[in-house]
J.: 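Pasting a structure below so you can have a look.
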Amino acid sequence: MKIAIVGIGLIGGSLAISLKENGFAEEIIGVDLRQENLDKAIRRRLIDREADLAKAIEEADIIVLSTPVDAMLSLLPKVLDLVDQQVVMDVGSTKMPLIEKVANHPKRGRYVASHPMAGTEYSGPEAAIPNLFDHKCTVLCDVENSDEDAIALVKKLYESIPMGVTYLDGIAHDIHTAYVSHISHISSFALALTVLEKEENEKRIFELASGGFSSTVRLAKSSADMWIPIFRQNRDNVLDVLDEHINQLARFRSLLIKQDFKKFYELIQESNKIKKILS
Ligand code: NAP
């Protein structure tokens, strides 16, 4: 299979490594906005060669969009205009705006909406790593609007990594990801700001930072270029979850003020139930 990857950063690059290593891809063609990214991707052997978008579409069997989600809104219709029998998939963290954008496109069937649920806080081709997706889960959305052969090929691609494949409608996907991914990023950005504003002497933070602090604040290293388009596209769902999160913080605050440590203890125990879900 020849695979064109548009946006050769963390996700596109990591996917390229996996698909080349496991033999699913015989060739990876890279497309990116910046020559510097393509040069890095070639140096790191993420891609076999670069091409412009039209040429990559003409030559590839599968076109993977892995740019930030705002860029996908203009890229996907353009790509669908140019495809014949090729399959187009995206890896974006939000689904509904993109799905709606091409709902009436005559080539809609060639597009499969997907979201591999794996990542790190780093970006760009230098952040691409092997095994990022191994044994994680990917979500395919609104598959009833995609051609059967296109779904089968995208499923085969993910299963080759190997990843588990699950199905959701796009609306449910955007609600669920607001809960399991988007809110934790806002929470981490806010925690980083809280600490940075209180502790002016950064050296002191590093001296004291233990595993707990570092792991809770890890996501605050994430790129604003990648996250702002996600928050813009999933604003309503993220606001709902954020309101609930603020309520929970307010509960802890109120218990501390009242020195009600019995209730505080119970709330921590209630939150410990997450162990069962995540194990
Ligand atoms: P990334 O590392 O920043 O990579 C995105 C790449 O796309 C960059 O090389 C960027 O170039 C390039 N690009 C931007 N606009 C473009 C355009 N119009 N045409 C071609 N290339 C373009 O971001 P990422 O973390 O891989 O995220 C990629 C996608 O995966 C996003 O849609 C994100 O929602 C999704 N995703 C991310 C994660 C995660 O944890 N990071 C997990 C699952 C899914 P510049 O850097 O020069 O802008």
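Counting starts at 1 for both ligands and their atoms, in listed order.
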J.: Hey, what's the ring geometry for His185 with Phe189, parallel, tilted or perpendicular (30° and 60° as the breaks)?
T.: tilted
J.: Test your reading of the model: is there a side-chain donor-acceptor pair from Asp147 to the backbone of Asp149, 3.5 Å cut-off?
T.: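 No, because the side chain of Asp147 does not come within donor-acceptor range (under 3.5 Å) of the backbone of Asp149.
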J.: Can you give me a line-by-line list of nitrogen or oxygen pairs between ligand 1 and the protein shorter than 3.5 Å?
T.:
{"from": "ligand 1", "atom 1": "2 (O)", "to": "Leu10", "atom 2": "N", "distance (Å)": "2.9"}
{"from": "ligand 1", "atom 1": "2 (O)", "to": "Gly124", "atom 2": "N", "distance (Å)": "2.7"}
{"from": "ligand 1", "atom 1": "9 (O)", "to": "Asp32", "atom 2": "OD2", "distance (Å)": "2.8"}
{"from": "ligand 1", "atom 1": "9 (O)", "to": "Asn37", "atom 2": "ND2", "distance (Å)": "3.2"}
{"from": "ligand 1", "atom 1": "11 (O)", "to": "Asp32", "atom 2": "OD1", "distance (Å)": "3.4"}
{"from": "ligand 1", "atom 1": "11 (O)", "to": "Asn37", "atom 2": "ND2", "distance (Å)": "3.1"}
{"from": "ligand 1", "atom 1": "21 (N)", "to": "Leu33", "atom 2": "N", "distance (Å)": "3.2"}
{"from": "ligand 1", "atom 1": "26 (O)", "to": "Leu10", "atom 2": "N", "distance (Å)": "3.2"}
{"from": "ligand 1", "atom 1": "26 (O)", "to": "Ile11", "atom 2": "N", "distance (Å)": "2.8"}
{"from": "ligand 1", "atom 1": "32 (O)", "to": "Thr67", "atom 2": "O", "distance (Å)": "2.7"}
{"from": "ligand 1", "atom 1": "34 (O)", "to": "Ser93", "atom 2": "N", "distance (Å)": "3.2"}
{"from": "ligand 1", "atom 1": "34 (O)", "to": "Ser93", "atom 2": "OG", "distance (Å)": "2.6"}
{"from": "ligand 1", "atom 1": "36 (N)", "to": "Ser93", "atom 2": "OG", "distance (Å)": "3.3"}
{"from": "ligand 1", "atom 1": "47 (O)", "to": "Arg34", "atom 2": "NE", "distance (Å)": "2.5"}
{"from": "ligand 1", "atom 1": "47 (O)", "to": "Arg34", "atom 2": "NH2", "distance (Å)": "3.1"}
{"from": "ligand 1", "atom 1": "47 (O)", "to": "Asn37", "atom 2": "ND2", "distance (Å)": "3.1"}

J.: Tell me, which pairs form a side chain to side chain donor-acceptor pair (under 3.5 Å) where one or both residues lie in residues 257-270, sequence neighbours left out?
T.: Lys262-Glu266
J.: Taking all atoms of both residues into account, what is the closest heavy-atom pair of Ile8 and Asn37, and its distance?
T.: CG2-O, 4.1 Å
J.: So, the side chain of Asp174 versus the backbone of Lys95: is there a donor-acceptor pair under 3.5 Å, distance only?
T.: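 Yes, the answer is positive, given that a donor and an acceptor are paired below the 3.5 Å cut-off.
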J.: side-chain contact (heavy atoms from CB on, under 4.5 Å) for His173 and His176? Distances and angles first, verdict last.
T.: CA-CA 5 Å; His173 166 278; His176 292 324; 6.0 Å; no
